[in-house]
Amino acid sequence: MNPTDPNAPLNWRPVRHLTIIAERLLKDRILNHLDKLGVSGYTVIESEGRGDRSFVVDEWQGDNIEIQVIARREVIDAVARKLRERYFAHHSIILYAQDVDVLRPEKYGAQ
Amino acid sequence: MNPTDPNAPLNWRPVRHLTIIAERLLKDRILNHLDKLGVSGYTVIESEGRGDRSFVVDEWQGDNIEIQVIARREVIDAVARKLRERYFAHHSIILYAQDVDVLRPEKYGAQ
Amino acid sequence: MNPTDPNAPLNWRPVRHLTIIAERLLKDRILNHLDKLGVSGYTVIESEGRGDRSFVVDEWQGDNIEIQVIARREVIDAVARKLRERYFAHHSIILYAQDVDVLRPEKYGAQ
Amino acid sequence: MNPDPQTGKLAASRRLPQAGDLAPHASALAPAPSPQPRFCFPPFRYRHATRPFAKPMFSADLLAANLLSPMVLAFALGMVAMSLRSDLEIPASMHSAMSIFLLLAIGLKGGKAIALSDPSTLVIPILVTIAAGIVVTLLAYAALRRLVGLSTVDAAAVAAHYGSVSAVTFIAARDVAERVLGPTEGLLVALVVALEIPAIVVGLWLGQRKGGGRLWVSLREVLTGRTMMLLGGGLLIGVLAGPERAARVEPLFVGLFDGVLMLFLLDLGMAAARRLRDVRRVGVRLVAFAMLMPVVAGTLGVFVAHGIGFSAASSAVFGAMLASASYIAAPAAVRLGLPEANPSLYLTAALGMTFPFNLAIGIPIYLAAARWLAS
Amino acid sequence: MNPDPQTGKLAASRRLPQAGDLAPHASALAPAPSPQPRFCFPPFRYRHATRPFAKPMFSADLLAANLLSPMVLAFALGMVAMSLRSDLEIPASMHSAMSIFLLLAIGLKGGKAIALSDPSTLVIPILVTIAAGIVVTLLAYAALRRLVGLSTVDAAAVAAHYGSVSAVTFIAARDVAERVLGPTEGLLVALVVALEIPAIVVGLWLGQRKGGGRLWVSLREVLTGRTMMLLGGGLLIGVLAGPERAARVEPLFVGLFDGVLMLFLLDLGMAAARRLRDVRRVGVRLVAFAMLMPVVAGTLGVFVAHGIGFSAASSAVFGAMLASASYIAAPAAVRLGLPEANPSLYLTAALGMTFPFNLAIGIPIYLAAARWLAS
Amino acid sequence: MNPDPQTGKLAASRRLPQAGDLAPHASALAPAPSPQPRFCFPPFRYRHATRPFAKPMFSADLLAANLLSPMVLAFALGMVAMSLRSDLEIPASMHSAMSIFLLLAIGLKGGKAIALSDPSTLVIPILVTIAAGIVVTLLAYAALRRLVGLSTVDAAAVAAHYGSVSAVTFIAARDVAERVLGPTEGLLVALVVALEIPAIVVGLWLGQRKGGGRLWVSLREVLTGRTMMLLGGGLLIGVLAGPERAARVEPLFVGLFDGVLMLFLLDLGMAAARRLRDVRRVGVRLVAFAMLMPVVAGTLGVFVAHGIGFSAASSAVFGAMLASASYIAAPAAVRLGLPEANPSLYLTAALGMTFPFNLAIGIPIYLAAARWLAS
Ligand SMILES: Nc1ncnc2c1ncn2[C@@H]1O[C@H](COP(=O)(O)O)[C@@H](O)[C@H]1O
Ligand SMILES: Nc1ncnc2c1ncn2[C@@H]1O[C@H](COP(=O)(O)O)[C@@H](O)[C@H]1O
Ligand SMILES: Nc1ncnc2c1ncn2[C@@H]1O[C@H](COP(=O)(O)O)[C@@H](O)[C@H]1O
Ligand code: NA
Ligand code: NA
Ligand code: NA
């Protein structure tokens, strides 16, 4: 079935979606972790925020970044473990996960 | 019952929420599709990202856009069909959908 | 159990997540409400959008803001009540809520 | 480049720091030490106002000259781009940056002018300006209630915009006036600051009378708002630093002013075109108001300014100030203070119609009135 | 800076770098011993083209001189920063702001030049430019199909880039040419605008032949696109406003041009380094194309320009224009009009390889060719 | 503003357009038509250092003069706006753009100075600067451990900031010093670059001693970081391009420097006010440290600079450099390298207290010390 056929049924399939909000300084490091843990992609948004800690150390480049990652549950969990280990103790960072429906699960390493 | 009465009960009602992340060049086209398919509104956020493809062709205006649409399930599905038909084959674009709770479902064409 | 131990189990716990999209002018007021209603933090993103109303009155500073808040359900509901009371009648604003999983529920006043 | 017959005789050694110093090309060119009058701030002298002017231009020429300035053309380009649905977009942060720049630059310039003038000469013009702002607001309110038929709240909201002032219209008018009628008084910038607020206060009061005591909250927001901070703060910095120290930042704030204004107007043209799309919704009577009100207020302003002894050039600019409708400070304040009012009305009228009207047609009218009065 | 044998009698060695060199428009007006040929727009005179030039530089010197300009060095810094994985980042909105500025500034300058020239002298150069753009596109297409072995769509996509023009390469070439070979004709900017579009149209047509009638949609998008609005709109503003009124915005658009260009090239260096990462994917034959095509098109351009009577300096610049590959207007148009084409191919070739090649090596070659032809 | 007796002999009528025209203050100030000394970089000559100076100012005047500069006033405006809870906001990308501009501009200026000086004269000052940076870091560390009572990691983190340098403080100090004590050596900018890094390395080493081998990772991040890329890259571009070619970008990087700095300080004032809110949390002993440490390090710096033969003006600036605490490069490096340290401590101290302290009171003190020593 041609996926670009407008009448093909829509197969929404659940995958895991993780949002990471962290101080901007950590951007390169976190994206490196994501690459190493094998995610198929990510999206980064500039944001600003307040939390427990919220040290805006490098305010010259903007406050926080919000990173969104869609992947298989195990990959998301591996990312969460890594970030918890490295940054929860001393850095300004939060994570939250949810299930979302996508059309091409294979794109995100799920099926 | 006056909806602005602070004591009125909160009637959270489920509606469908679609997130579209696409290369920025497609912005005007996608918003046009949304208008034609009758969504009641949308929100656009600048973002940056990496994926399978991730050609940042027009980096002079920023990388990607993230478009959020709340609407009835059928409208969301119509949007997904249209975008799949037009852009999945050759463009840098992802979609994901989820259920969210809103207070004024009629605002989004749901009830 | 040391939470930064990479092998510690991941205890994803559900909490409530509210998204507020409003005209930019309301930013300071809404953040003030959040502070008073006792949320533990929030994240603000610049956005642009169209809706029923969508008066971009102060376009000199950008169109809309998207505010994300994670908190206990009761706190989220109190925020929703306050914003409904104050702004639904005359302002450009939408709210939607969903459940998300977090690792440190106590951080958001939940447990 | 407007060679000024009066100031060109100053010996170089007497020269005060002058804006021309910032547009160095000009003075560098001149074979003799004749400075260029365009940015020069002569000590305040509004009592010996009317003065002969070398080559009077006719209004037709004036209209053309006005419409062919790079700023007005950039505004038109913005409108065209928007109506062609071009993907041209000015990033929001670039817009913010430009408006911060322009407000601060206007403030600094006014501060410098005040620093150079005798403070006692400021009192009457400031009081007259405040009074004029209030009168125009009430006049607009009455017209909007009776003739346009708006509700109390909507009329109050729109009136607040027309009583207040548009800094960009002020700049455009001063620019043309100086080229055609000669130098203007530096204190005009201080009057812009004075004109900004009273109308907003009166408008909020008119609209909130029945409501409750929100007025003071709104007032605080206006007074600590971005516009006042930058315009008023710039003014204060200009006064405190004085012309000599301020000269160090003038390559940015004076030298680039016109260029940045041109870019800003490109953006404003796009915004105005967006507003114009709503024009059908606002009704023909508001459209008429948006064209006639500026002429009434502008003529009034020219007469008042002439009455207190302003030169023809300054009177024309004062007229344009009264004629202009605010689209930066007032909309934000009114939106927060009178949320029940319909923003389409005031935004479409002020930015979509009155601003381009003044830019293209209004300013030449006020200039003509001022010249006629002075002759 | 550009010691000009004709105007300045100053010994080059005595001249300190001076700001006046940068705000030149004004002094261009001066009747007397005014230096700075660089921004002066002499009435168009391409018929008495070749002119003796005082101190010819050798190509080695020229290469060094070219590579040591602050712009090229900034480009190199950007590449180094990216390859060191520095956290240096130019905000997206700053990039947008700079490209808006540069396109508008180039347009304004061209408009001013046109306003000063006899319109009839423009016709032939414009027609020749359009023809040359189409020829280069077809040539590139043939080479990409036959020699590089790309598919129809990919070949059409890449060809559209090479037939079109890079405004930054144009600026860089003009700059060096004016220092080494003397003033260039102002109308060249108009030719940049004329060269921008035809290749894109031809490329889209080549790629869409089998598809369907999308061509007109794509064409509309190109013509109302950002690049055309700013470049064409700036041109129109420059023509309509005329040199005198335009002078008011020149402290921004002329005075700061080189500085902004330097910042822009810093960013472009980072973008080019990102592109270069894909170089392995595009194949050695496309790499060869990206180096040879500019030399072929550039030499062709020099000859054609010489043929229609351009001066040596202008011919060199015209060569660089034909040699350059678009990386702002064309990629956007091609991506939308030929989505099946692989963007890695055209982006890596145009921005990652041909642009730095021209900046470092190509421009000196076209200069040498033009000088040789003129002697 | 440094009227330079050497260049002032050109007759005004012969004057070509010159950089001083863009820096109008200079010519405005000068009693005679002597053009613009400000941007001229005399060959390095720190051996014939102390020179008579026309009208010595008293410290009270100096303080006032310092506090009334547009930059300091803009800083105050930022603090006021923040404390009034104004909605004034400088977009993040505008802030990034300004800091890119300032760092690159400072680098370019330093590079030009180095290009004009004999390289052998640079060696001793650079070595002395590095040594001084390390000594100040260790001194600060000892004080923070013993007198303030911070933990090892926190003391190391704060010490890294005080051993490093604030580029804006440097600029402010140089500016006042040149107005009051005469020209400063161009190589000072190179010393800013040299002073930036060692303290950060020492601080990270002090804090990581017990941890593990993260030092090299951190070091790499500092060396390839934004600050070093722009400051060091600008320096290199300045040296390689040389003064003549660099002159082309100076209307942007030199002409607008003061104006951009003023806008930057507006933003910095807002940031400092935000920091000050945490002042209660950091304890009175750290507050005392933030006021006394600069005086100690600054005086030390003045003596050392005098010792190696710097002029009074340059010695005062060198003192201010040692006295200043970094709030751009150091915080980022320390946050990544010593995440256990409490950022409130170093941010509040460096930006919230020491920076305004130096701006208002510190700089006059170092000037006075330098003048006293030189007399
Ligand atoms: N309750 C919350 N809701 C939404 N965002 C939050 C919340 N808490 C923290 N954040 C975001 O996460 C960042 C880091 O949080 P923290 O580690 O608590 O400083 C903050 O700057 C916010 O952007
Ligand atoms: N796994 C993913 N998680 C989050 N965002 C993604 C993911 N894959 C792709 N994206 C986003 O979608 C855009 C287009 O993806 P692609 O079509 O795979 O290039 C990317 O630039 C990212 O912003
Ligand atoms: N159906 C929708 N989907 C997504 N965002 C919306 C929707 N409706 C409104 N919005 C956002 O909420 C803002 C305010 O909406 P409104 O009050 O309808 O003008 C709009 O500017 C959009 O950013
Ligand atoms: Na008015
Ligand atoms: Na070409
Ligand atoms: Na220091």
Side-chain angles (χ1 to χ4, degrees), chain B residues 1-21 24 27-28 30-48 61-62 64-72 76 96-110, chain C residues 14-24 26 33 36-37 43-56 59 62-101:
Chain B
M1 197 161 16
N2 181 355
T4 66
D5 171 2
N7 301 316
L10 285 172
N11 275 312
W12 292 111
R13 287 277 169 274
V15 294
R16 197 75 173 155
H17 180 284
L18 176 71
T19 303
I20 306 160
I21 303 177
R24 201 184 197 293
K27 181 178 170 186
D28 287 349
I30 295 175
L31 296 186
N32 257 335
H33 291 309
L34 294 180
D35 280 343
K36 284 200 192 125
L37 293 168
V39 309
S40 69
Y42 49 73
T43 300
V44 184
I45 296 175
E46 309 269 332
S47 69
E48 149 193 35
Q61 303 213 41
N64 287 340
I65 40 156
E66 176 167 328
I67 303 176
Q68 301 172 354
V69 191
I70 298 174
R72 282 208 316 281
I76 295 294
Y96 60 86
Q98 58 195 309
D99 293 315
V100 299
D101 299 324
V102 300
L103 292 175
R104 294 170 294 181
E106 66 288 354
K107 200 168 156 46
Y108 314 99
Chain C
V15 295
R16 198 76 174 153
H17 180 284
L18 177 71
T19 303
I20 306 160
I21 303 177
E23 48 186 312
R24 200 185 198 294
L26 297 180
H33 291 308
K36 283 200 193 123
L37 293 168
T43 300
V44 184
I45 296 175
E46 310 270 331
S47 69
E48 148 193 33
R50 202 178 65 67
D52 277 355
R53 219 182 278 268
S54 287
F55 305 122
V56 180
E59 53 194 324
D63 293 8
N64 287 340
I65 40 155
E66 176 168 328
I67 304 177
Q68 301 171 353
V69 191
I70 298 173
R72 278 207 321 277
R73 183 172 293 263
E74 304 87 86
V75 174
I76 295 294
D77 281 359
V79 170
R81 255 176 238 280
K82 174 62 82 188
L83 298 182
R84 179 178 66 174
E85 178 200 343
R86 288 290 177 86
Y87 306 112
F88 273 24
H90 300 298
H91 283 282
S92 197
I93 185 169
I94 69 169
L95 307 184
Y96 59 86
Q98 58 195 309
D99 293 316
V100 299
D101 299 324

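None of the values given here were measured: they were computed from a predicted structure. Order of the sequence lines fixes the chain letters, A, B, ..., with proteins taken first and strands second; residue numbering starts at 1 for each chain.
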Apply side-chain contact (heavy atoms from CB on, under 4.5 Å) to the pair C:Thr19 and B:His17, showing each step before the final yes or no. CA-CA 12 Å; C:Thr19 303; B:His17 180 284; over 6 Å; no
Ring of B:Trp12, cation from C:Arg16 - is the NZ or CZ under 6.0 Å from the centre and inside 45° of the axis? yes
CD (B:Glu66) and CD (C:Glu66) are apart, to the nearest 0.5 Å, by 7.5 Å
Quick one: what part of B:Ile67 sits under 4.5 Å from any heavy atom of chain C, side chain, backbone, both or neither? neither
Residue pair B:Gln68, C:Ile21: steps toward the side-chain contact (heavy atoms from CB on, under 4.5 Å) verdict: CA-CA 11 Å; B:Gln68 301 172 354; C:Ile21 303 177; 4.1 Å; yes
Spell out the residues in residues 97-104 of chain B that have some non-hydrogen atom less than 4.5 Å away from a non-hydrogen atom of chain C, in order of number; otherwise answer 'none'. B:Gln98, B:Asp99, B:Val100, B:Asp101, B:Val102, B:Leu103, B:Arg104
Part of C:Ile94 lying under 4.5 Å from any heavy atom of chain B: both
Picking from B:Val39, B:Ile70, B:Leu31, B:Ile45, which has the most non-hydrogen pairs under 4.5 angstrom with chain C? B:Ile45
Testing B:Asp35, B:Leu34, B:Thr43 for side-chain contact (heavy atoms from CB on, under 4.5 Å) with C:Arg50, which one passes? B:Asp35
